[in-house]
Amino acid sequence: MSSSPSEVSKVSVKPIPGDYGIPFFGAIRDRLDYFYNQGKDEFFRTRVQKYQSTVFKTNMPPGPFIAKNPKVIAILDAISFPVLFDTSKVEKRNVFVGTFFPSVSFTGGYRACAYLDPSEPKHTSLKSFFMSTLASRHNDFIPLFRTCLSKLFLNIEDEMASQKKANLNKPSNAISFNFVFRLFGNKDPSDTKLGSEGPAIVDKWLALQLAPLATLGLPKYLEDTILHTFPLPFLYVKSDYNKLCDAFYESSSSVLDKAESFGIKRDEACHNLVFLSGFNTYGGLKTWFPILIKWVGTAGGELHSQLASEIRSVVKEEGGVTFQALDKMTLTKSVVFEALRIEPPVPFQYGKAKEDIVVHSHDAAYEIKKGEMIFGYQPFATKDPRVFDDPEEFLAHRFVGEGEKLLKYVYWSNGRETEDPTAENKQCPAKDLVVLLSRVYLVEFFLRYDTFAVEITEAFAVGSTVTFTSLTKAKGI
């Protein structure tokens, strides 16, 4: 378990171990280790072992020539990680994706809310606008998402019937985009100039911005030169992005009207809405839903039976899939939190020290100087063996009963699971929506199916690819 506050306060202040290597060349060395020679997890694991510390100095990709300064202080345990949530100590200006800042051409010439520090006045107005918009759509969340899921399941069943297996990712991406667009735009994207191109356009837009953090399996030095050395230009996606913005502008008039009441110009609000919808929400769900199904699928039939039993009995008792019904499904809730713990959909967090600060790990304290970049690798922090028993294991019941006390160490939303987003912090404004959709996903799945089996492939660029190899319908379906 974690150190108590009194225990932490007694640990000694130590110099931060690690080094950055020779300027320029050290960053290239670390980049090649991270992407090719070691891979993400091994990159961090070997340094934790080398320095015998979960806090150390290193360079983070992409480095030269995209990032001016790749130097970071890495924090990889559950105790030190939350300093990244304290905006009185760390600045969040232009660090959303890391040590580099994509061109504002990708966001209509504006810095999107995700790149603003809470101290900037526009952050408060934009995030308040987002939270107000989501609150106004609250009653649409469940029925709209259930409609989208019905289409997903029909697509999967059709492919299973013809191919004896079915890919989850592509149809899941389609319904995720459909849900997000309809939530804010009040119409199906197929009824706009986007047609069925929405997911592909957003994928291309995201890929160009995130290319410095990706690999595609090309020859090492060729790929490193193309993706990690120079930023890819907005020109490649300009016409598609304009089409995307036009679709949102024409379909989201009531949302943009609301933005003006928060003092936000309509054009700026539209580009921020596209970012919220495309990058934050669709981009997150695109990664997250396959992760959720991967872990539930590989957990096996016993868990499937337990989930189906809980879900069906509560839905019958409550007379439908309602907020109240979802709240009574303790195992279903725990499964979602456990998946978010073991494989958070956004693994990185960054912040720049606003002043000289002392950061505590379990065993020591370290002074971080004003202006130094702090980097948190969340999968290590949320699998801290001194907080979680069997941290590498997916334990479906982990957060049931007394286990709920551990939710404060679930950090996927850029904040503790026990805390709420506000206009003054950087916690994901759609935190509760993501958790809700995840529960509805499992509920609809196990109302329809008894059990299933999956094959999983992992790729640096796209995450988990899930393929159903068997799917057993519930009796009477």
Side-chain angles (χ1 to χ4, degrees), residues 31 35 60-70 92-117 120 122-123 126 130 173 176-177 180-181 184-185 189 192-216 218 222-252 256 259 264-284 286-287 346 348 350 460-462:
R31 183 170 80 199
F35 286 119
M60 277 301 292
F65 295 97
I66 295 175
K68 293 180 180 179
N69 185 359
K92 291 287 191 170
R93 180 184 175 88
N94 296 343
V95 300
F96 177 62
V97 295
T99 57
F100 70 104
F101 175 43
S103 169
V104 293
S105 298
F106 287 100
T107 49
Y110 300 100
R111 288 170 59 229
C113 183
Y115 290 104
L116 301 179
D117 185 76
E120 299 178 75
K122 272 190 179 175
H123 179 276
L126 284 167
F130 294 158
N173 293 350
S176 295
F177 182 80
V180 172
F181 192 90
F184 296 119
T192 72
K193 62 179 65 178
L194 292 175
S196 61
E197 295 181 307
I201 289 174
V202 179
D203 288 348
K204 182 178 177 182
W205 176 67
L206 290 172
L208 290 173
Q209 295 174 78
L210 297 176
L213 303 177
T215 60
L216 299 175
L218 301 174
L222 172 64
E223 179 180 87
D224 194 56
T225 301
I226 294 172
L227 295 184
H228 308 141
T229 307
F230 303 100
L232 298 178
F234 171 67
L235 181 65
Y236 293 155
V237 75
K238 181 178 179 180
S239 62
D240 285 334
Y241 179 71
N242 288 339
K243 183 189 293 187
L244 184 66
C245 287
D246 288 346
F248 270 92
Y249 196 91
E250 293 167 7
S251 304
S252 308
L256 300 180
I264 305 165
K265 292 186 297 183
R266 208 172 184 85
D267 183 63
E268 183 173 12
C270 184
H271 288 288
N272 269 276
L273 184 62
V274 170
F275 195 93
L276 174 70
S277 303
F279 203 128
N280 297 126
T281 311
Y282 166 77
K286 169 187 170 70
T287 301
V346 180
F348 311 125
Y350 287 84
F460 205 111
V462 297

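The chain is numbered in sequence order, starting from 1. What you see is a predicted model, and the numbers here were worked out from it, not measured in a lab. No hydrogens, no waters, no symmetry mates; every other heavy atom, side chains included, goes into these values.
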(request) Determine the interplanar angle of the Phe96 and Tyr115 rings, folded into 0 to 90°, and report it as parallel if under 30°, tilted if 30 to 60°, perpendicular if over 60°. (result) perpendicular

(request) Working to the nearest 0.5 Å, report the span between CG of Leu218 and CG of Asp224. (result) 11.0 Å

(request) Indicate yes or no: at least one non-hydrogen side-chain atom of Tyr249 is less than 4.5 angstrom from one of Leu256. (result) yes

(request) With rounding to the nearest 0.5 Å, note down the distance linking CD1 in Ile201 to OG in Ser196. (result) 9.5 Å

(request) State, yes or no, whether a side-chain contact exists between Glu197 and Lys243 at a heavy-atom distance under 4.5 Å. (result) yes

(request) Mind telling me whether Trp205 and Tyr241 have parallel, tilted or perpendicular rings, with 30° and 60° as the class edges? (result) parallel

(message) So, taking the atom named NZ in Lys265 and the one named NZ in Lys122, what distance separates them when rounded to the nearest 0.5 Å?
(response) 5.5 Å

(message) Could you measure the distance from the CD1 atom of Ile264 to the CG atom of Asn272? Nearest 0.5 Å is fine.
(response) 7.0 Å

(request) Taking all heavy atoms of Leu210 and all of Val97, pick out the closest pair and write down the distance. (result) CD2-CG1, 3.8 Å

(request) Just jot down the side chain to side chain contact (heavy atoms under 4.5 Å, CB included) partners of Asp246, sequence neighbours excluded, or say none. (result) Lys193, Glu250

(request) State the NE2-CG distance between His271 and Asp267, to the nearest 0.5 angstrom. (result) 4.0 Å

(request) Quick one: list whatever passes side chain to side chain contact (heavy atoms under 4.5 Å, CB included) with Thr192, sequence neighbours left out. (result) Phe181, Lys187, Leu194, Ala247, Ser251

(request) Any chance you could lay out the side-chain contact (heavy atoms from CB on, under 4.5 Å) test for Glu223 and Phe35, step after step, and finish with the verdict? (result) CA-CA 10 Å; Glu223 179 180 87; Phe35 286 119; 5.8 Å; no

(message) To check you understand the geometry: which heavy-atom pair defines the closest contact between His228 and Arg31, and what is its length?
(response) O-NH1, 3.0 Å

(message) Could you measure the distance from the CZ atom of Phe100 to the CE atom of Met60? Nearest 0.5 Å is fine.
(response) 10.5 Å

(request) Using atom types as modelled and distance alone, determine if a side-chain donor or acceptor of Lys204 lies under 3.5 Å from a backbone N or O of Tyr236. (result) yes

(message) Minimum heavy-atom separation for Cys270 and Phe248, please, with both atom names.
(response) SG-CB, 4.3 Å

(request) For residues Asp117 and Lys92, report the shortest heavy-atom separation together with the two atoms involved. (result) OD1-N, 2.7 Å

(request) Please report the closest heavy-atom contact between Phe130 and Cys113, naming both atoms and the distance. (result) CE1-CB, 3.6 Å

(message) Please give me the minimum heavy-atom distance between Thr107 and Ala112, naming the atom from each residue.
(response) CG2-CB, 4.3 Å

Return all side-chain donor-acceptor pairs below 3.5 angstrom for residues 274-284, not counting sequence neighbours, or 'none' if the list is empty.
from	atom 1	to	atom 2	distance (Å)
Ser277	OG	Leu273	O	2.8
Thr281	OG1	Leu276	O	2.8
Tyr282	OH	Asp203	OD1	2.9

(message) A side-chain contact here means heavy atoms from C-beta on lying under 4.5 Å apart; do Thr99 and Pro62 qualify?
(response) yes

